[in-house]
Amino acid sequence: MVLNKNKLSKTEINSLPLRYYNGPIHIIQTTEQAKDACAILIKEKVLGFDTETRPAFYKGQSYLPSLLQMAGTKVVYLFQLSKCGLTDSITNLLSNDNIIKSGVAIDQDLTGLQQILHFDPAGFIDLGDIARLKGLPHHGLRGLGACLLNFRISKSGRTSNWSANQLTKKQIKYAATDAWLGRELYLKYKQINII
């Protein structure tokens, strides 16, 4: 495959078909649920990875990550960190060098998670960093999806309240799609020999 080195315009991206993750999504709210989810995810070779944080609108205001998303082959798990916490089972998974965790702007996500609890992250691949190194015109999740997979994802849920007790259907779909796309893009990178 010959990579398109031209940056797609916003109009070109918006003309592509809209896609969402449409498989099973499990919302994790307890330590026990986290343990069960991680027991399944630990068997995967590649996970899509992302976090969501409540947006800050004032200078000096910041929040810890509220949601951790991990996408496997057949399921996406959304860990509500204010409820289940950053458990040993989660940090063991995030520290496992044998499982690839792929996404975009991962350093930012990991910095936020480490403010909750220190752990030694391993096996992470930042798709945006690789895109920069390989001279791809897009470095963000939405642009990479459009450029390499010929569809677009919605970013309209990004600034919602991720620390809400109950996530909306729109938030759930948005969060699951971001993690799923991180995994799909990694597989595409492998297919076209970018990594």
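Everything numeric in this text was worked out from a predicted model, so none of it was measured.
- Distance CG/L8 to NE2/H138: 4.0 Å, rounded to 0.5 Å.
- Contact check for Y63 versus N161: no side-chain heavy atoms found under the 4.5 Å cut-off.
- Taking each heavy atom of S95 and A122 in turn, the nearest pair found is O-CB, 3.4 Å.
- Atom CG of D50 and atom CD of Q69 lie 4.5 Å apart (nearest 0.5 Å).
- At a threshold of 4.5 Å between side-chain heavy atoms, the hydrophobic network of Ile, Leu, Val, Met, Phe, Trp and Tyr places M70 and Y21 in two separate groups.
- Under the 4.5 Å side-chain criterion, counting only non-hydrogen atoms from C-beta, D129 is in contact with R132.
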Test side-chain contact (heavy atoms from CB on, under 4.5 Å) applied to Q108 and T51, step by step: CA-CA 9 Å; Q108 192 177 333; T51 67; over 6 Å; no

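- In the hydrophobic clustering of this structure, V46 groups with L148; members are Ile, Leu, Val, Met, Phe, Trp, Tyr whose side-chain heavy atoms approach within less than 4.5 Å, directly or through other members.
- Side chain to side chain, R19 and T177 fail the donor-acceptor criterion of an N or O pair below 3.5 Å.
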L144/Y189 under side-chain contact (heavy atoms from CB on, under 4.5 Å): CA gap, chis, key distance, verdict: CA-CA 10 Å; L144 286 168; Y189 275 32; 3.5 Å; yes

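- Closest approach of Y20 to K173, counting heavy atoms only: CD2-CD, 3.2 Å.
- Looking only at distances, a side-chain donor or acceptor of Q114 sits under 3.5 Å from a matching main-chain atom of F119.
- No path of Ile, Leu, Val, Met, Phe, Trp and Tyr side chains, each step under 4.5 Å between heavy atoms, connects L41 with I25, placing them in separate hydrophobic clusters.
- The environment of CD in Q166 is sparse: at most 12 heavy-atom neighbours from other residues, nucleotides or ligands sit within 6.0 Å.
- The closest side-chain heavy-atom distance from E12 to L16 is not below 4.5 Å.
- Judged by distance alone, the side chains of K83 and N165 do bring a donor and an acceptor atom under 3.5 Å apart.
- Within a 6.0 Å sphere centred on CG of N22, other residues, nucleotides and ligands contribute 12 heavy atoms or fewer.
- With values rounded to the nearest 0.5 angstrom, N92 atom CG is found 11.0 Å from D120 atom CG.
- Side-chain atoms of Q29 do not come within 3.5 Å of backbone N or O of Q80 as any donor-acceptor pair.
- Here the side chain of Q61 pairs a donor or acceptor atom with the backbone of F57 at under 3.5 angstrom.
- Remark: K101 fails to qualify as a cation-pi partner of F49 under the 6.0 Å distance and 45° angle criteria applied to the six-membered ring.
- The shortest distance between side-chain heavy atoms of L94 and P121 does not fall below 4.5 Å.
- Remark: R152 CZ to L181 CG distance equals 13.5 Å, nearest 0.5 Å.
- A single hydrophobic cluster is not seen to contain both I195 and I106; linkage of ILVMFWY side chains at heavy-atom distances under 4.5 Å, directly or through other members, places them apart.
- Contact record, L78 with A175: CD2-CB, 4.0 Å, taken as the closest heavy-atom pair.
- Put simply, the side chain of S102 gets close to the backbone of G182: a donor and an acceptor are under 3.5 Å apart.
- L81 is listed as a side-chain neighbour of L113, based on a closest heavy-atom distance under 4.5 Å.
- In this structure, I116 CD1 and L86 CG are separated by 5.5 Å, a value rounded to the nearest 0.5 Å.
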From CA spacing to verdict: side-chain contact (heavy atoms from CB on, under 4.5 Å), L187, R183: CA-CA 6 Å; L187 297 175; R183 187 176 189 280; 3.4 Å; yes

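- Between N6 and P137 there is no side-chain heavy-atom pair separated by less than 4.5 Å.
- The shortest distance between side-chain heavy atoms of Y174 and E52 falls below 4.5 Å.
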Evaluation steps, side-chain contact (heavy atoms from CB on, under 4.5 Å), between T87 and K35: CA-CA 8 Å; T87 65; K35 189 176 178 183; over 6 Å; no

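- Rounded to the nearest 0.5 angstrom, I125 CD1 and L185 CG are separated by 12.5 Å.
- Counting heavy atoms from C-beta on, the side chains of H139 and V104 never come closer than 4.5 Å.
- Linking Ile, Leu, Val, Met, Phe, Trp and Tyr residues whenever their side-chain heavy atoms come within less than 4.5 Å leaves L67 and F124 in two separate clusters.
- Taking both residues in full, the closest heavy atoms of I90 and G85 are given as CD1-O, 3.6 Å, listed atom of the first, atom of the second, then distance.
- Residues I153 and R142 share a closest heavy-atom pair of O-NE, 2.8 Å.
- Contact between S154 and L18 at its shortest, heavy atoms only, is N-CD1, 3.6 Å.
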